[in-house]
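See below for the structure under consideration.
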Amino acid sequence: MKTISVLIQHHQGPTGDVLICKNADGVWEFPHDRERTNETDEAAAARIAGEQLGMTVGVGKLITRGRKKPSDGVVEHLYEGNITHNTHTKDDYHLYYEAVNTWQSEPKAGAYAEFMWVHPSELVNYDFAGDDANFMAKYAPWVAGQCIPDVRMY
């Protein structure tokens, strides 16, 4: 089973603000949902933005793939291109995709009550939980506010 998270930029480029959403528990997270049967990863990312936020996005590249270890449930994030041979189809995966807010529209209330556009360098000021906290700890260019290369978007 796959969970898809979407990192939505307000505008394309290395310094575009990223959308974070506050869940019912008061914790900030990236919009996410389970992938449906016979749905591609990219189609799931676009659907999540549309259903949960009322936004049309252009889905970019896969940033990282997390594999939940069956032994302890901890998600191990593996950057794309470095997937090892020991991945197994019965494991749960958590994929993070980048996307651009195509029409530069604002999110609408639905799955989340509160939204915020945050510069990548400011993401460290927000408390993330679960898989998103693990993701933020691993994805150094966003956390450190380094220049994010333009090639990361389509």
Side-chain angles (χ1 to χ4, degrees), residues 1-68 75-81 83 91-154:
M1 208 182 295
K2 291 182 191 173
T3 300
I4 309 289
S5 286
V6 189
L7 278 69
I8 302 172
Q9 279 190 300
H10 196 270
H11 60 276
Q12 186 172 348
T15 60
D17 290 348
V18 178
L19 182 68
I20 58 174
C21 307
K22 190 177 276 189
N23 66 21
D25 297 329
V27 178
W28 291 101
E29 64 185 20
F30 299 109
H32 68 279
D33 198 4
R34 292 272 187 196
E35 184 177 82
R36 295 180 180 161
T37 305
N38 297 327
E39 184 177 43
T40 66
D41 299 344
E42 293 82 2
R47 175 185 54 80
I48 290 163
E51 284 181 1
Q52 295 185 2
L53 306 166
M55 299 173 75
T56 301
V57 297
V59 178
K61 77 173 201 165
L62 175 63
I63 303 169
T64 186
R65 177 187 319 252
R67 181 175 58 90
K68 191 167 286 196
V75 175
E76 171 190 23
H77 289 280
L78 306 164
Y79 293 105
E80 270 310 285
I83 303 299
D91 291 339
D92 284 339
Y93 289 92
H94 194 149
L95 283 63
Y96 285 81
Y97 274 88
E98 292 178 331
V100 174
N101 184 0
T102 307
W103 302 108
Q104 307 225 333
S105 58
E106 291 301 316
K108 295 173 181 58
Y112 300 101
E114 190 175 342
F115 314 98
M116 188 175 297
W117 293 102
V118 179
H119 188 273
S121 66
E122 297 171 347
L123 286 171
V124 296
N125 299 328
Y126 298 89
D127 291 327
F128 292 90
D131 292 354
D132 288 345
N134 191 11
F135 168 76
M136 290 302 297
K138 300 284 184 181
Y139 198 45
W142 285 79
V143 175
Q146 299 294 322
C147 179
I148 302 166
D150 284 320
V151 296
R152 65 190 191 87
M153 290 295 180
Y154 61 94

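Not measured: the values here are computed from a predicted model.
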Carefully, step by step, assess Leu53 and Ser105 under the rule side-chain contact (heavy atoms from CB on, under 4.5 Å). CA-CA 10 Å; Leu53 306 166; Ser105 58; over 6 Å; no
Nearest heavy-atom approach of Asp127 to Val27 is O-CG1, 3.8 Å
Any non-hydrogen side-chain atom of Met116 less than 4.5 Å from a side-chain atom of Trp28? yes
Specify the closest pair of heavy atoms between Glu42 and Val59, including all atoms of both residues, with the distance to one decimal. O-CG2, 3.6 Å
Can you find a heavy atom in the side chain of Tyr126 that is under 4.5 Å from one in the side chain of Val118? yes
What I'd like to find out is whether the side chain of Phe30 reaches to under 4.5 Å of the side chain of Leu19, using heavy atoms alone. no
Hey, are Asp131 and His94 close enough side-chain-wise for a donor-acceptor pair under 3.5 Å? yes
Looking just at side-chain N and O atoms, do Glu29 and Tyr112 make a donor-acceptor pair shorter than 3.5 Å? yes
Derivation and outcome, side-chain contact (heavy atoms from CB on, under 4.5 Å), residues Val57 and Val100: CA-CA 5 Å; Val57 297; Val100 174; over 6 Å; no
Just checking, any donor-acceptor pair under 3.5 angstrom between side chains of Trp117 and Glu106? yes
Passing candidate, side chain to side chain contact (heavy atoms under 4.5 Å, CB included) with Glu35, options Ile48, Asp41, Thr3: Asp41
Quick test of your reading of the model: are Glu51 and Arg34 salt-bridged, counting only N-O distances below 4.0 Å? no
